[in-house]
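Residue numbers start from 1 in every chain, and the chains themselves are labelled A, B, ... in the order their sequence lines are given, proteins ahead of strands.
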Amino acid sequence: MRIVFMGTPAVAAISLERLLNSEHTVAGVVTQPDRPAGRGQKSIAAPVRKTAEQHGVPVSAPEKVRDPAFLGALGAWAPEIIVVVAYGRILPRSILELAPHGCLNVHYSLLPKYRGAAPVAWAVINGEAKSGVTTMHLVEKMDAGPILLQREIALAADETTASLQAKLAPVGAELLLETLAGIEAGTVKPKEQDDAQATYAPMLKKEDGLVDWHLPARAIERRVRGFNPWPTAYSHFNGQMLKIHRAKVESATSAAPGEIVRADRDGLWVATGEGVLGLVEVQLENRKRVSASEFLNGVRIEKGAHFGAA
RNA sequence: CGCGGGGUGGAGCAGUCUGGUAGCUCGCAAGGCUCAUAACCUUGAGGUCCCGGGUUCAAAUCCCGGCCCCGCAA
């Protein structure tokens, strides 16, 4: 089929790569404009743009998706179907209805669960045993379109958003091809979602990473994994921000949430609302990430020291 | 020119403002103690204080230039 691909981050680039290596024709690619990023002010190109350019596929990166010039170019590519993978923008009806087969979306959850911007992270945060990928037709309501194909995947006990993302990306690329083949053959039948079963996975914010020590240790540990690689779980120690990259759970406790109950070669143990959280790998602001024992080598822990109060 | 922090024995850090014998925790080596131990005690090895200039009687510390790392913000 003749396809226009819309996407932005690395996960999307993997699907695009797969499409480019298939029998389908990618007529054009749409991605987010390069934005100044990084420590200096360097303009960083989105992964999808890099992939497209490596393959010599024309790229459009409109500031506004309703820009008439862009819509004209999109129409000129004459797609039979538009494939959308983590593009990062709500598409207007004019685009949803532009191609004969409409817009096909790859969503990284088992819809109707986890509709929204951060389905992978929330699946980890909520301690789900399984997640997956869903392909569906885009409609105007967020992630509510009819489902085409779906595939499950089990989460590991130490799953992070980063690791799950990495697992899901190739599965999504594969499911995308299957879906396209099914559409061509007329064998996949759209199935309406049961809206009553829908749950939402809102976009994460920087502040979400701030650890609430009143939560149970196991909940905090899941958040540490869910917020990896972004925004990263963090707390405050001696007035400085301390990121928590990895942690583990221990049961017993009898101290105020946030208080350091033990600091030895086994790690840095902090009391929570329920149970004790062992910090395994941390990073003080402006410092490199280090193991708990290395961190403790350089800090002096006073009796009653605690996390939380900045 | 987005804001800011940092580069000190193998690791993590203090010391830099108020120049003058390089310090702490850990690791490592040797010895001791112990039924025993990642425990404890003693001793020891190990450092171009990122690089290059400058100021000074004297620079980890002050000044100029460079390289590298990191946090914030995007």
Side-chain angles (χ1 to χ4, degrees), chain A residues 6-13 30-50 59 61-65 67 86-90 116-118 120-121 160-162 165 202-213 220 223-250 252 258-270 276-310:
Chain A
M6 301 181 76
T8 303
V11 256
V30 182
T31 191
Q32 298 282 335
D34 297 359
R35 305 211 188 281
R39 213 158 278 127
Q41 53 175 2
K42 300 154 290 191
S43 215
I44 297 298
V48 162
R49 165 175 231 118
K50 289 183 186 166
V59 176
E63 215 40 82
K64 294 177 167 182
V65 286
D67 176 23
Y87 173 57
R89 283 264 164 94
I90 305 287
V120 181
T160 64
T161 295
Q165 195 91 256
M203 191 180 306
L204 295 178
K205 298 188 298 290
K206 181 68 193 175
E207 315 84 81
D208 290 330
L210 181 61
V211 171
D212 175 3
W213 294 104
I220 297 174
R223 294 174 81 86
V224 167
R225 289 187 281 117
F227 294 144
N228 170 317
W230 193 89
T232 307
Y234 64 95
S235 189
H236 294 281
F237 181 73
N238 286 344
Q240 288 186 297
M241 181 180 73
L242 183 80
K243 289 186 169 185
I244 301 168
H245 290 106
R246 280 195 293 146
K248 56 188 175 185
V249 179
E250 194 172 81
E259 189 171 324
I260 294 172
V261 295
R262 193 152 61 86
D264 53 33
R265 51 173 39 76
D266 288 332
L268 183 52
W269 303 88
V270 186
V276 175
L277 190 74
L279 309 190
V280 176
E281 187 178 38
V282 298
Q283 178 177 29
L284 204 56
E285 64 180 75
N286 298 326
R287 301 287 184 178
K288 293 180 182 178
R289 48 199 290 174
V290 294
S291 68
S293 57
E294 286 174 320
F295 173 71
L296 291 172
N297 276 338
V299 203
R300 213 152 306 282
I301 303 287
E302 315 263 323
K303 251 176 283 181
H306 62 278
F307 285 89

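- Applying the Watson-Crick and G-U wobble criteria (two distances, each under 3.5 Å), rA45(B) pairs with nothing in any strand.
- Look at CG on Asp34(A): it is 14 Å from C1' on rA74(B), rounded to the nearest Å.
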Discussion item. Does the protein touch nucleotides 4-13 of chain B at the base, only the backbone, or not at all? Give it as B, S and - per nucleotide, heavy atoms under 4.0 Å.
Written reply: BBS----BBS
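- Across all strands shown, rA39(B) forms no Watson-Crick or G-U wobble pair with both distances under 3.5 Å.
- Within the 4.5 Å cutoff, the side chain of Thr31(A) has heavy atoms near those of the Thr8(A) side chain.
- Ring pair Phe237(A)/Phe295(A) is perpendicular by interplanar angle, where above 60° counts as perpendicular and below 30° as parallel.
- Applying the Watson-Crick and G-U wobble criteria (two distances, each under 3.5 Å), rC3(B) pairs with rG71(B).
- Using a 4.0 Å cut-off, some side-chain N or O of Gln283(A) falls inside it from OP1 or OP2 of rG71(B).
- The distance between atom CD of Gln240(A) and atom P of rC72(B), rounded to the nearest whole Å, is 13 Å.
- A salt bridge is defined here as a Lys NZ or Arg NE, NH1 or NH2 lying under 4.0 Å from an Asp or Glu carboxylate O, and Arg35(A) with Glu63(A) meets this definition.
- Distance check on atom C1': rA45(B) versus rA29(B) gives 7 Å, rounded to whole Å.
- Computed from coordinates, the Arg262(A) CZ to rA38(B) C1' distance equals 13 Å when rounded to whole Å.
- Atom P of nucleotide rC70(B) and atom OH of Tyr234(A) are separated by 21 Å, given to the nearest angstrom.
- Per the geometry, CG belonging to Leu210(A) stands 14 Å off P belonging to rC72(B), to the nearest Å.
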